[in-house]
Novice: 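Okay, handing you the structure first.
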2 protein chains.
Amino acid sequence: MRMTALPPPWDSVDDRLRARGLRWTPQRATVIEVLAEADGHVSGAELVERCRLRDPSTIPSTVYRTLDVLEELGLVRHGHGPDGREEFHVRPVEEHGHLHCAECGNSWELGNERAAAVADALRATDGFEIDIGHVTLVGRCRDCAAGA
Amino acid sequence: MRMTALPPPWDSVDDRLRARGLRWTPQRATVIEVLAEADGHVSGAELVERCRLRDPSTIPSTVYRTLDVLEELGLVRHGHGPDGREEFHVRPVEEHGHLHCAECGNSWELGNERAAAVADALRATDGFEIDIGHVTLVGRCRDCAAGA
DNA sequence: CTGTCTATTGCAACGTTTCGCAATAAGCCT
DNA sequence: AGGCTTATTGCGAAACGTTGCAATAGACAG
Ligand SMILES: [Mn+2]
Ligand SMILES: [Mn+2]
Ligand SMILES: [Zn+2]
Ligand SMILES: [Zn+2]
């Protein structure tokens, strides 16, 4: 039923699962087909919705549990949007952070190099290695801060 | 029924509300009595629970709506824990951030001075004024990063 | 191909928070 | 004290996830 083979790093998920004593199921295949077509970010609810398009019998808890195992395999990583809701970074996106302006509501990505400055500041003060992609940093953007 | 007067900044909330055309209700009084006894942080659910102790007829949606109003007045500010769930900073706590280690599960506060280093880094790279208290920064603590 | 083992699923219930809407009651003016 | 206006409440439903449990079905060995 699948027209094309999955692109890396999704092409061998089945074997990677079995190698860990886990199982390859049709439900997991659906989730992975959808993820392979996603472009970087998906929320849990969005993913459930898109899976339901392919397979109307999709059950939310199964999708969320699949996301948990894929996160253990390092194929997705969850983070949190400005409202704290979960969102998933889907490989192969480059590691990056998110900025959100509470005033105008706009969001920006914080590239790896610029994120490094933040990481350095925390490492220096606390020895803390921040996972910059995990939470969305909230504040005011340059423009909104200027017009205050 | 109240034994003691509320301490500042809670003592004049009723007038502050009325000055804005808003109303002073028994439900709001309950929420504020509980907040005045809280020591810095409360989650929405905790607050609902504590209100129910004083008034078993407490309704969650009323508590959450009251929190919205109090946030507009600047008496509380919401943030997000490591899992993205809302938590409220109750005045008069000093502005501060939160660090959470995803490996050992410990959390620390990030005092104002040390948070300034992070804020400076973002201001320099993006002109972004971070609200450091809004989200919990997740990563690995010094000890966990060392034993990797 | 069959049987065993147990990871995974479906389902239903729960926890937290938001929303719409009709009924209630603060606040204010006379 | 009585009446008007409309902010607020209570309530039911919904959105988003998580969890426990019994039934199902992958994986693998014989
Ligand atoms: Mn927020
Ligand atoms: Mn998280
Ligand atoms: Zn802005
Ligand atoms: Zn740690």
Novice: Not counting sequence neighbours, which residues clear side-chain hydrogen bond (donor to acceptor under 3.5 Å, both in side chains) with B/Arg54? List them please.
Specialist: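 Result, side-chain hydrogen bond (donor to acceptor under 3.5 Å, both in side chains) vs B/Arg54: B/Glu33, B/Glu37.
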Novice: B/Leu67 CG to D/dT8 P: how many Å, rounded?
Specialist: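 Distance check: B/Leu67 CG to D/dT8 P gives 14 Å.
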Novice: Check residues 140-148 of chain B and write down every donor-acceptor pair under 3.5 Å in which the side-chain atom is one partner and the other belongs to a residue at least two apart or another chain.
Specialist:
unit_1   : atom_1 : unit_2   : atom_2 : d
B/Arg140 : NH1    : B/Glu103 : OE1    : 3.4
B/Arg142 : NH2    : A/Asp126 : O      : 3.3

Novice: Can you list every pair that meets salt bridge (charged side-chain N to carboxylate O under 4.0 Å, His left out) and has a residue in residues 55-68 of chain B, with sequence neighbours left out?
Specialist: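 Listed by first then second residue: nothing to list.
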Novice: Who passes side-chain hydrogen bond (donor to acceptor under 3.5 Å, both in side chains) against B/Glu71, sequence neighbours left out?
Specialist: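 Once residues adjacent in sequence are excluded, the partners of B/Glu71 under the side-chain hydrogen bond (donor to acceptor under 3.5 Å, both in side chains) criterion are B/His78.
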Novice: Evaluate whether atom CZ of A/Arg77 has more than 12 neighbouring non-hydrogen atoms of other residues, nucleotides or ligands under 6.0 angstrom away.
Specialist: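 Open.
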Novice: Would you please confirm or rule out a distance under 4.0 Å between OP1 or OP2 of D/dA25 and any side-chain N or O of A/Gln27?
Specialist: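 It does not, given that no N or O in the side chain of A/Gln27 lies less than 4.0 Å from OP1 or OP2 of D/dA25.
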Novice: Return yes if a side-chain donor-acceptor contact under 3.5 Å exists between A/His89 and A/His98, otherwise no.
Specialist: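 Judged by distance alone, the side chains do pair up.
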Novice: Among residues at least two apart in sequence or on other chains, which ones pass ring-ring contact (aromatic ring centres under 6.0 Å, His included) with B/His100?
Specialist: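 Here no residue qualifies.
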Novice: Could you check whether any side-chain heavy atom of A/Thr136 comes within less than 4.5 Å of a side-chain heavy atom of B/Val135, counting everything from C-beta outward?
Specialist: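 Heavy-atom side-chain distance check fails, nothing below 4.5 Å.
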Novice: In chain order, what residues pass the side-chain contact (heavy atoms from CB on, under 4.5 Å) check against A/Arg50, with sequence neighbours excluded?
Specialist: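 Testing A/Arg50 for side-chain contact (heavy atoms from CB on, under 4.5 Å), a comparison that skips the adjacent residues, returns A/Val34, A/Ala38, A/Val42, A/Glu46.
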Novice: Under the ring-ring contact (aromatic ring centres under 6.0 Å, His included) definition, can you give me all pairs with a residue in residues 47-75 of chain A, not counting sequence neighbours?
Specialist: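 Pairs touching residues 47-75 of chain A that pass the test: none.
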Novice: Identify the pairs formed between an N or O of the protein and an N or O of nucleotides 27-30 of chain C at a distance under 3.5 Å, and give each distance.
Specialist:
unit_1 : atom_1 : unit_2  : atom_2 : d
C/dG27 : OP1    : B/Arg18 : NH1    : 2.9
C/dG27 : OP1    : B/Trp24 : N      : 2.7
C/dG27 : OP2    : B/Arg18 : NH1    : 3.3

Novice: If you pin B/Arg28 and B/Ile59 to their nearest nucleotides in DNA chain D, which one's is more 5'?
Specialist: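 Counting from the 5' end, the first nearest nucleotide belongs to B/Arg28.
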Novice: What's the angle between the local helix axes at either end of the helix from C/dC1-D/dG30 to C/dT30-D/dA1, using five pairs per end and rounding to 10 degrees?
Specialist: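 The helix from C/dC1-D/dG30 to C/dT30-D/dA1 shows an end-to-end axis angle of 10°.
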Novice: Return whichever of B/Glu87 or B/Pro26 has its heavy-atom-nearest nucleotide of DNA chain C closer to the 5' end.
Specialist: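 By nearest-heavy-atom nucleotide position, the 5'-most residue is B/Glu87.
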Novice: Show me the donor-acceptor pairs within less than 3.5 Å that the side chains of residues 5-15 of chain B make with the rest of the protein, sequence neighbours left out.
Specialist:
unit_1  : atom_1 : unit_2  : atom_2 : d
B/Asp14 : OD2    : B/Arg18 : NH2    : 3.4

Novice: Between protein and nucleotides 18-20 of chain D, what N or O pairs are separated by less than 3.5 Å?
Specialist:
unit_1 : atom_1 : unit_2  : atom_2 : d
D/dG20 : O6     : A/Arg65 : NH1    : 3.2

Novice: Which residues within residues 39-53 of chain A lie with some heavy atom under 4.0 Å of an atom in DNA chain D?
Specialist: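 Here the set is A/Gly44, A/Ala45.
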Novice: Any chance you could measure A/Glu87, atom CD, to A/His134, atom NE2, to the nearest 0.5 Å?
Specialist: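 Here the interatomic distance stands at 10.5 Å.
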Novice: State, with a plain yes or no, whether a side-chain heavy atom of A/Glu95 is found less than 4.5 Å away from one of A/Ile132.
Specialist: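 Heavy-atom side-chain distance check passes, below 4.5 Å.
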